[in-house]
Amino acid sequence: MHTDEPPRPPEHPDGRRDDGPHGSGRAGQAGRAGRHDNLLGEYLRARREHLAPDLVGIPRVGHRRVPGLRREEVAVLAGVSTDYYTRLEQGRERSPSPQLLNAVARALRLDEHAATHLLRLAAPRLAPRPRRRAPERPSPALQQLLDSLDTPAVVVGPAFDVLALNGLAATLYTAFDPVDNLVRITFLDPAARTFHRDWDRAAHDAVAALRAAAGRDPEDRRLIEVVGELSLRSPEFGRLWARHEVHGKTGGSKLLHHPRIGDLDLHYETLTVNSAPGQQLVVYQARPGSPSAEGLLLLRALTP
């Protein structure tokens, strides 16, 4: 057992659980960040329920009444008592140590980004949330940089609202009207099913990125609005949101289909705008000499 496991505190008098927009319940998804009791417990429960026993060396014997791992199995893997882990998941243990949380992260097979998210949820005072609302438009200097790029690029805010896009990006996203929020159009615009050749992957990545943003600032009002709308209007979003998966990917591939150019295999890089906390510059490129590079040349020809 971990020696830093603290003594059991008095039990919370009501033991209630408020899902908030970060929880897995439908009402919670509709949005009340900042009015929830147990984001940490919601996250632990979701990750536990999605971790197959055989992935951690636990044989499947007989009928299991719960999906994924049982609480006592996580406790054994983390080296803590079942009682302590239960209190942690139920929100009755308010001061877990970083060492204990790291042990739980290893038990749940969390990667670096997911483990950071876990620590942020458990100790928000050690990772202060931004209090200043991010600017709603890029600075003139950033806009000039955006317009000077010879490849598609967009500037997004903390909730993935599109704050600006250059001409090439506008032509790339020509199937969408409007191009207002990258996560919203993925789930609510029918054009997304054709634009993203692997829509399931695009949807998963979008929700995981939005979940990571929620961990950084659970009280961001615009993020609450986006999560609430998508939870009410898209069952697929609600299902993915309930998984509590996060990633902090700053780059990757996009398999796209343009209505006039055809298939495009693009690589994107996400760059933090230090002068405007919360804003990010997303730049799309193609491998030199590839068919997609030729496709970008056609995109330039189609851009006014």
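The shortest side-chain heavy-atom distance between L100 and V104 falls under the 4.5 Å cut-off. Within the 4.5 Å cutoff, no side-chain heavy atoms of Y173 are placed close to those of V162. Counting heavy atoms from C-beta on, the side chains of Q143 and V155 never come closer than 4.5 Å. Between R106 and L77 there is no side-chain heavy-atom pair separated by less than 4.5 Å. Looking only at side-chain heavy atoms (C-beta outward), Q280 and V273 stay at 4.5 Å or farther from each other. Using a 4.5 Å heavy-atom cutoff, the side chains of D200 and D198 are in contact. You'll find the side chain of P158 stays beyond 4.5 Å of the side chain of L223, heavy atoms only. For the pair R137 and Q279, the minimum side-chain heavy-atom distance is 4.5 Å or more.
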Audit row: V80, L88, side-chain contact (heavy atoms from CB on, under 4.5 Å) steps and yes/no: CA-CA 11 Å; V80 300; L88 185 65; over 6 Å; no
Verdict with reasoning, Y43 to H117, per ring-ring contact (aromatic ring centres under 6.0 Å, His included): CA-CA 9 Å; Y43 184 57; H117 184 73; 4.8 Å; yes
Test side-chain contact (heavy atoms from CB on, under 4.5 Å) applied to H267 and Y284, step by step: CA-CA 6 Å; H267 180 85; Y284 300 93; over 6 Å; no
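Although no hydrogens or angles enter the test, the distance criterion places no donor-acceptor pair under 3.5 Å between the side chain of S292 and the main chain of L266. Under the 3.5 Å distance criterion, the side-chain polar atoms of R300 are matched with a main-chain donor or acceptor of D150. In this structure, the side chain of E93 engages the main chain of S95 through a donor-acceptor pair within 3.5 Å. With R216 contributing its side chain and R120 its backbone, the two residues share no donor-acceptor pair below 3.5 Å. The backbone N or O of A208 sits nowhere less than 3.5 Å from a side-chain atom of H244 that would complete a donor-acceptor pair. For R211 (side chain) and W241 (main-chain N/O), a donor-acceptor pair under 3.5 Å exists by modelled atom type. Between the side chain of S234 and the backbone N or O of F237 there is at least one donor-acceptor pair closer than 3.5 Å. Formation of a donor-acceptor pair under 3.5 Å by the T174 side chain with backbone atoms of A170 is not found in this model.
Classification of the F176-F195 ring pair by plane angle, with boundaries at 30° and 60°, yields perpendicular.
Under a hydrophobic-cluster definition in which Ile, Leu, Val, Met, Phe, Trp and Tyr are linked whenever side-chain heavy atoms come within less than 4.5 Å, directly or via other members, L256 and L188 are assigned to the same cluster. Residues V76 and L108 are members of separate hydrophobic clusters, defined by side-chain heavy-atom contacts under 4.5 angstrom among Ile, Leu, Val, Met, Phe, Trp and Tyr. Residues I58 and L44 share a hydrophobic cluster, clusters being chains of Ile/Leu/Val/Met/Phe/Trp/Tyr side chains in contact below 4.5 Å. If you chain together hydrophobic residues whose side chains sit under 4.5 Å apart, L264 and L297 never meet in one group. The hydrophobic clustering, which links ILVMFWY residues whose side-chain heavy atoms are closer than 4.5 Å, places V154 and L302 together.
Side-chain N/O atoms of H247 and E245 include no donor and acceptor closer than 3.5 Å. Counting only N and O atoms by type, the side chains of E42 and N38 include no donor and acceptor under 3.5 Å apart. D161 and N181 share a donor-acceptor pair across their side chains, judged by distance under 3.5 Å alone.
Atom-to-atom distance recorded for E49:CD and R243:CZ is 11.0 Å, nearest 0.5 angstrom. To the nearest 0.5 Å, atom CG of residue L296 and atom CZ of residue R287 are 12.5 Å apart. For the atom pair CG of L172 and CG of L165, the computed distance is 9.5 Å after rounding to the nearest 0.5 Å.
Using a 4.0 Å cut-off between a side-chain N of Lys or Arg and a carboxylate O of Asp or Glu, E89 and R48 qualify as a salt bridge. Salt-bridge annotation for D265 and R197: present, with a side-chain N of the basic residue lying under 4.0 Å from a carboxylate O of the acidic one. Salt bridge absent: E136 and R222 never bring a charged side-chain N and a carboxylate O closer than 4.0 Å. Salt-bridge formation is not detected for the pair E236/R239: no Lys NZ or Arg NE/NH1/NH2 atom is positioned less than 4.0 Å from an Asp or Glu carboxylate oxygen.
What you find for A107 and L51 is that their closest heavy atoms are O-CD2, 3.7 Å.
Close placement of the W199 and F187 rings is indicated, their centers lying within 6.0 Å of each other.
The environment of CZ in R260 is sparse: at most 12 heavy-atom neighbours from other residues, nucleotides or ligands sit within 6.0 Å.
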